[in-house]
Amino acid sequence: MNKRQILQKINALDTEGKDVIVLYNEISEIVAEAAYKDAKTCPSRRACYFSIEFLIGRSFYNNLMEAGILSEVKEILAKKGVDISEFEQIEDAALGNGGLGRLAACFLDSAAAEGLPLYGYGIRYKYGLFRQAIENGYQVEYPDDWQRFGDPWSFRREDQARTIEFADMKVRAVPYDMPVLGKRTNFLRLYQAEGGEEAQKISEYLYPADDTKEGKLLRIRQEYFFSAAAVGELIDQFVAKHGKRFAFFPRYYSIQLNDTHPVFAIAEFLRILTVSYKVPFQKAVAIAQKTFHYTNHTILPEALECWPEKYIKKILPQICAVLKRLDRFARRTLFARGCGDGEVESMAIRSGQNFRMANVAVFVCGRINGVAKIHSEIIKKELFQTAAKYFPERFCNKTNGVTQRRWLMLNNPALSALLDSCAAGWREKFDKISDLRKIEDDPFAIEKFIRVKEENKRALSDYIFQKEGVRLLPGAIVYAQVKRLHEYKRQLMTAFAISELYFKLKRGECPDFAPSVFLFGAKSAPSYFRAKGIIKFINAIAAMIAADETVNQKLQVIFVQNYNVSYAEKIVAGSDVSLQVSTAGLEASGTGNMKFMMNGAVTCGTMDGANIEIVEHAGRENNYIFGAEVEEIDSLRENGYDPAEYLAHDEDARRALDLLRTFPDEKGYYTELYAFLTIGASWHKPDHYFIFRDLGEYVAALIKINADYKDRADFAKKQIENIASSAYFSSDRTIREYAADIWRIKDEK
Ligand SMILES: *Cc1c(COP(=O)(O)O)cnc(C)c1O
């Protein structure tokens, strides 16, 4: 890209009296067009990343930074009297829900930075994840109409539109290409569904409710829609260039399935090869095995997709036939391999009256990976035990990462400037970040680091004031638990722990307690009753503490509204402590934990997901690990766990739990939460995420942190050690591993 030319064009823009959004569009278009020209060169071998979510966040600042013109544009605009931060009112494109979608975005960024040809394929939702407001303590959902600001980063490719056929309708899939800037320019291709009213619905919402038949059919349509569009396109491209010798297909394309949502791509691939090109079924499967790879993101049984056969048959009869045939083929193959009846059944693609999408992926895909060491072990030992026994060579681990360009350079300029002076070269070669370790013996440099943290906290406080109307307690320790709201992530346990701190403070038990702020940010799925109850409960605790003059200068709880990538950028920069407290064994990896680490927050958490590797790299003594580990949780699950046993010895825990019975409960949330913790439900035992096993240790860890923080310099050393050890958690490392071990693609720049 020609930087000078871009800057000249931006310089020539007339900004006088212009609306910020208009100006945003004009500048973005200039950069986007230059980038898009670059993106057109496709090398012969490439990898394609299929994902139902891409949680990109705000593109403007990131793309200007990647183009190497952010500071220049800032200056140009300043001269014209425009503050570049005004563009912050342009909200994020939230075409994703959480970690899985953000991972996809980090991977595209890292691949471009590493010169690797990796292309993203997904859906261009009209509405992203809902915009959340907290009203009266309750989550309220509003549609996220992200396109109201325009969409200057996308290029509509009418010329490459395709038709996707369902039994009851035809849908046009129109690609929109978004350049991904870096050393190489790649692109993210998002398909928009067009046609009649029903057709358009396919790309209207991210994750429409699927608790009804209609909802399930729509989800199936979404998944097939983008998978089929992308696979169809790749096959057409291949045939145009190389003819019909499909055995060569895997030489040119590697397809990574981000979880099971795009697994229909496998069925569509087999359908096209066998039906349109008459490739024998067995041969087609063998080709697919060399082409497709699968990343598992969760072991929670409710998240493993199963689609009723009758639904697939109704709208996708040919795909249904392919899946049935694949099931028969898989069964034969497995028997021939020596699998027993039970083993074959456990790997079956068609089971009961359902198709099990994870089993399709596991049977066909050449490589199957988990997203952190412990998670990759668990899927081999439990979830995909049989497959791991017969096809051990397919399984591998790729520990997640995050891009330091967005999650350090862009969001934390103050820390980045310090790194420039203490760890020179870190921007080009992130491993250099370990040089920061040198300053641990230098009191002046440590003091500088502490000032950087304070500056970021002030900026965070301003931001929160602007969004929520409250300021952080001055000089407080900032703890943050920001992530999707889910029972296994145990925000409820944090709420109980804070309640216990509150009781102790009221009794005057911690006279030296350093002021502490607990930040929460989380969206609950709209139909997730318990999660919504937990949001209300946290807000009730926040209000109780804020109203209590005796403690409200020591303790503060803030639940921020509409947690998203832009909010995350500010929060990770301004926090001291990262709360990562999932039940051991259930958080596949986590990536929020890595962002906090890079920005100098210590982890207070359980031995779960990537926390384990974070502690391996940064030292257990520099983090605060507590709670039952996987083996203990497994044994409690097997041999019986009774929360009452833990509650019996812990009066504060009982009082915390009792808040659920004392707060007014208009919607019946607390009654239900109380019941699930104490007596269980038809489908689970009481407290099945083991909150009361870990709560006592959690409170102790929080009190230890509070005491340790008193020696600010010593605490800063722990924070610095975490930053210095974070190179491994760059998604550049992750993507190099995928490129070398799975995709076999190389630097093409
Ligand atoms: C990183 C990120 C996540 C993932 O957070 P976890 O703590 O790993 O679950 C979710 N949402 C947003 C907006 C993020 O930036």
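Atoms within each ligand, like the ligands themselves, are counted from 1 in listed order.
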Which of the numbered atoms in ligand 1 are below 4.0 angstrom from a heavy atom of Gly99?
3 (C), 4 (C), 10 (C)
With a cut-off of 4.0 Å, which atoms of ligand 1 are near a heavy atom of Gly98?
10 (C), 11 (N)
Top protein contact for atom 5 (O) of ligand 1, by heavy-atom distance:
Gly592 N, 3.8 Å
Answer yes or no for Lys536 and Tyr138: cation-pi contact, defined as NZ/CZ to six-membered ring centre under 6.0 Å and angle to ring axis within 45°.
yes
Can you tell me if Phe596 has a non-hydrogen atom under 4.0 Å from ligand 1?
no
Within 45° of the six-membered ring axis of Tyr689 and under 6.0 Å from that ring's centre, is NZ or CZ of Arg490 located there?
no
Number the atoms of ligand 1 from 1 as they appear, then name those within less than 4.0 Å of a heavy atom of Gly590, with their elements.
8 (O)
Looking at Arg131 and Glu141, is there a salt bridge between them, counting it only when a charged N and a carboxylate O are closer than 4.0 Å?
no
What residue and heavy atom of the protein are closest to atom 9 (O) of ligand 1, and at what distance?
Lys489 NZ, 2.8 Å
Taking the six-membered ring for Trp, is the centroid-to-centroid distance between Tyr49 and Phe107 below 6.0 Å?
yes
For ligand 1, which atoms, with element, lie under 4.0 Å from some heavy atom of Lys595?
1 (C), 2 (C), 3 (C), 14 (C), 15 (O)
Could you tell me, atom by atom, which parts of ligand 1 come under 4.0 Å of a heavy atom of Trp407?
15 (O)
List every atom of ligand 1 that sits less than 4.0 Å from any heavy atom of Asn564, numbering the atoms from 1 in the order shown and giving each element.
13 (C)
Ligand 1 contact by Glu569, heavy-atom criterion under 4.0 angstrom
no
Please determine if Arg530 forms a cation-pi arrangement with Phe676, meaning its NZ or CZ atom is less than 6.0 Å from the six-membered ring centre and no more than 45° off the ring axis.
yes
Aromatic Tyr463 / basic Lys570 pairing, under 6.0 angstrom, 45° off normal
yes
For atom 7 (O) of ligand 1, what's the nearest protein heavy atom and its distance?
Lys483 NZ, 2.7 Å
Among protein heavy atoms, which sits nearest to atom 11 (N) of ligand 1, and what does the distance come to when rounded to 0.1 Å?
Tyr563 CE2, 3.7 Å
Below 4.5 Å, heavy atoms only, C-beta onward: do Ser726 and His617 meet side chain to side chain?
no
Intermediate values then yes/no, side chain to side chain contact (heavy atoms under 4.5 Å, CB included), Asp576 and Tyr709:
CA-CA 9 Å; Asp576 294 301; Tyr709 190 81; 3.8 Å; yes
Using the ring of Tyr176 (Phe, Tyr or Trp, six-membered ring only), decide whether Arg189 places NZ or CZ under 6.0 Å from its centre and within 45 degrees of its axis.
no
Ligand 1 N/O within reach of Thr591 N/O, cut-off under 3.5 Å
yes
